[in-house]
Amino acid sequence: MKKKDAASSEIMNPFAVTIGLDEGLMLGAKNHLGRRASDMRGYYADEAALEQLVAAGDPLHYEVFEVPVPEQAGHLMYCISKLLPGVVGDEYWMTKGHYHEVPGTAEIYLCLRGEGYMVMKTADGRADAKRMVRGQMVYVPPFWAHRSVNTGGEPLISFCVYPAEAGHNYGDIATEGFPQRVFRRHGQPVIE
Ligand code: PAN
Ligand code: ZN
């Protein structure tokens, strides 16, 4: 079924939202997603290290704050993504990563705090990674799966914007994985 677009709906009213640029939060966020270590099973190379983390209190891995808009073409969804620092074995904490359910939709990530990488891949075998530091904007083009990785000692906080109808496809990445992963080697991040 074709999704409605904004043009076929009533005109909505403007609104404004306060964002904590350093804290990585959105005041009045209606959607707050939190993923813990136990939600990340199957994503890290060192499964035993992940289980140790789960057993040691199952810490929060990352959070996403959204004040939702209608999931219709013409609208823009936006969020704050806050990925905490840490390693599972030698692999830096990361988000699950996904394609968009509507694959031809892009995304903009503006890094507000912290340091890390946006790791990306296409289904036809291309791979890329872009550094994320405060003030750096990463453009994730249509058809690129994307995952953020925190290689620093503080939260990696980004503001994201993408077409509201995009949706999230986690299944393909859960099975394919990303060809590039980021490990701590002698205290330094290395993309392997
Ligand atoms: C982001 C991500 C957020 C969490 O808002 O959803 O960083 O990552 P995962 O969704 O991969 O768990 C985004 O890319 N939205 O499209
Ligand atoms: Zn996305």
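Every number for a ligand or one of its atoms is a count from 1 in the order of the listing.
The nearest pair of heavy atoms linking Tyr78 to Leu76 is CD2-O, 3.7 Å. Closest heavy-atom contact between His168 and Glu101: O-OE2, 3.3 Å. Of all heavy-atom pairs spanning Cys160 and Tyr109, the tightest one is SG-CE2, 3.5 Å. Across Ala129 and Ile191, no two heavy atoms sit closer than the pair CB-CD1, 3.8 Å. When all heavy atoms are compared, the tightest approach of Lys121 to Ile173 is CD-CD1, 3.9 Å. Considering every non-hydrogen atom in both Leu156 and Cys111, the closest pair reads CD1-SG, 3.8 Å.
Heavy-atom contacts of Val64 reach the following atoms of ligand 1: 3 (C), 4 (C) (cutoff under 4.0 Å). Within the listing of ligand 1, atoms 4 (C), 8 (O), 9 (P), 12 (O) sit less than 4.0 angstrom from a heavy atom of Tyr62. Close contacts of ligand 1 with Tyr170, meaning ligand atoms under 4.0 Å from a residue heavy atom, involve 9 (P), 10 (O), 11 (O), 12 (O). Near Cys79, the atoms of ligand 1 lying under 4.0 angstrom from a non-hydrogen atom of the residue are 5 (O). Taking every heavy atom of His100 and a limit of under 4.0 angstrom, the matching atoms of ligand 1 come to 16 (O). Listed by atom number, the atoms of ligand 1 under 4.0 Å from Arg35 heavy atoms are 12 (O). Atoms of ligand 1 found under 4.0 Å from any heavy atom of Glu107, numbered from 1 in the order shown, are 1 (C), 13 (C), 14 (O), 15 (N), 16 (O). Less than 4.0 angstrom separates some heavy atom of Tyr109 from each of these atoms of ligand 1: 1 (C), 2 (C), 7 (O), 13 (C), 14 (O).
His98 and Tyr162 have their aromatic ring centers separated by at least 6.0 angstrom.
In this structure, OH on Tyr62 lies 8.0 Å from CG on Asp39, to the nearest 0.5 angstrom. Remark: Glu71 CD to Glu165 CD distance equals 9.5 Å, nearest 0.5 Å. Considering CZ of Arg41 and CD of Glu47, their distance stands at 10.0 Å, rounded to 0.5 Å. Summarising the geometry, atom OG belonging to Ser158 is positioned 12.0 Å from atom CZ belonging to Arg134; distances are rounded to the nearest 0.5 Å.
The closest protein non-hydrogen atom to atom 6 (O) of ligand 1 is His98 CE1, 3.5 Å. Looking from atom 8 (O) of ligand 1 to the surrounding protein, the closest heavy atom is Thr95 CB, 3.5 Å. Protein heavy atom in closest approach to atom 7 (O) of ligand 1: Ser81 OG, 3.0 Å.
Contact annotation: for His146 versus ligand 1, heavy atoms closer than 4.0 Å belong to the side chain alone. Under 4.0 angstrom from ligand 1, the non-hydrogen atoms of His168 all belong to its side chain.
Around the Zn ion (ligand 2), the protein contributes the following N, O or S atoms at distances under 2.8 Å: His98 NE2, His100 NE2, Glu107 OE1, His146 NE2.
Listed by chain and number, the residues in a salt bridge (charged side-chain N to carboxylate O under 4.0 Å, His left out) with Glu63 amount to none (sequence neighbours excluded).
Put simply, no part of Met77 is less than 4.0 Å from ligand 1, judged by heavy atoms.
Taking only nitrogen or oxygen atoms, main chain and side chain alike, Ser148 does not reach within less than 3.5 Å of ligand 1.
At least one test fails for Arg35 against the ring of Tyr43: distance under 6.0 Å to the centre or angle within 45° of the axis.
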